[in-house]
Amino acid sequence: MQKKDLLREMDIAYTYIGKVMNDENKGGLKELVADLDRLKLKVIDNALVINPLRGFPRKYAEMYKDYLHPITDILSSIEKSVDIYLESN
């Protein structure tokens, strides 16, 4: 996976998390947004060596006791994309 592809997927996840945060009044998601912001900086600086999003979907599920929300699929997808990026670089 190339850097631009990962950054694009991160932007999609960021937008989706923001929508859920606003539409469902889930302010705790700011923590996940901050994780994505830190990740984005590491990717841009070519400083990413480990996947900081490990357990990303579980973090949401534990925060809101909501294991079936569609956001968990988005979070799982971005976590896997980071793994693929790390393996290919």
Side-chain angles (χ1 to χ4, degrees):
M1 175 175 280
Q2 294 186 4
K3 183 191 297 191
K4 65 178 179 163
D5 297 327
L6 179 59
L7 291 172
R8 184 178 32 241
E9 286 192 36
M10 289 171 53
D11 287 340
I12 291 168
Y14 187 89
T15 301
Y16 189 80
I17 292 169
K19 183 174 176 11
V20 170
M21 188 169 53
N22 292 329
D23 292 351
E24 299 179 24
N25 203 22
K26 294 184 174 180
L29 294 179
K30 288 180 184 177
E31 187 177 325
L32 299 181
V33 170
D35 289 343
L36 276 175
D37 286 338
R38 285 188 292 277
L39 172 64
K40 189 172 192 174
L41 290 175
K42 286 186 179 208
V43 170
I44 290 170
D45 292 340
N46 294 319
L48 186 65
V49 292
I50 62 168
N51 187 347
L53 301 184
R54 188 73 44 217
F56 210 41
R58 184 179 63 244
K59 196 174 189 179
Y60 168 84
E62 289 175 354
M63 194 180 301
Y64 289 103
K65 307 295 185 237
D66 185 0
Y67 297 86
L68 301 176
H69 194 287
I71 195 172
T72 57
D73 294 333
I74 299 291
L75 300 176
S76 180
S77 175
I78 192 65
E79 177 185 29
K80 289 175 186 171
S81 292
V82 172
D83 283 336
I84 292 168
Y85 175 78
L86 285 168
E87 289 172 7
S88 65
N89 290 303

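Y60 and Y64 have their aromatic ring centers within a separation under 6.0 angstrom.
Cluster membership check: Y67 does not share its hydrophobic cluster with L75, using side-chain heavy-atom separations under 4.5 Å among Ile, Leu, Val, Met, Phe, Trp and Tyr. Transitive grouping of hydrophobic side chains (ILVMFWY, heavy atoms separated by less than 4.5 Å) brings I44 and L36 into a common cluster. In this structure, I84 is a member of the same hydrophobic cluster as I74, with clusters built from ILVMFWY side-chain heavy atoms closer than 4.5 Å. V33 and I78 fall within a single hydrophobic cluster, where Ile, Leu, Val, Met, Phe, Trp and Tyr are joined by side-chain heavy atoms under 4.5 Å apart, directly or via other members.
Distance check: S77 OG to E9 CD gives 5.5 Å after rounding to the nearest 0.5 Å. Note: L48 CG to L6 CG = 7.5 Å, rounded to the nearest 0.5 Å.
Counting only N and O atoms by type, the side chains of N46 and K3 include a donor and acceptor under 3.5 Å apart.
No side-chain heavy atom of K42 sits less than 4.5 Å from a side-chain heavy atom of V82.
M1 and D5 get closest at one heavy-atom pair: CG-CB, 4.0 Å. Taking every heavy atom of both residues into account, P57 and E79 meet most closely at CD-OE1, 3.5 Å. Taking both residues in full, the closest heavy atoms of M10 and V43 are given as SD-CG2, 4.4 Å, listed atom of the first, atom of the second, then distance.
Here K40 does not pair with D37 in a salt bridge; the nearest charged N to carboxylate O distance is not below 4.0 Å. Salt-bridge formation is not detected for the pair K80/D83: no Lys NZ or Arg NE/NH1/NH2 atom is positioned less than 4.0 Å from an Asp or Glu carboxylate oxygen.
Environment of CG in N25: sparse, with no more than 12 heavy atoms of neighbouring residues, nucleotides or ligands closer than 6.0 Å. Heavy-atom contacts from other residues, nucleotides or ligands closer than 6.0 Å to OH of Y14 number 12 or fewer. Environment of NZ in K59: crowded, with over 12 heavy atoms of neighbouring residues, nucleotides or ligands closer than 6.0 Å.
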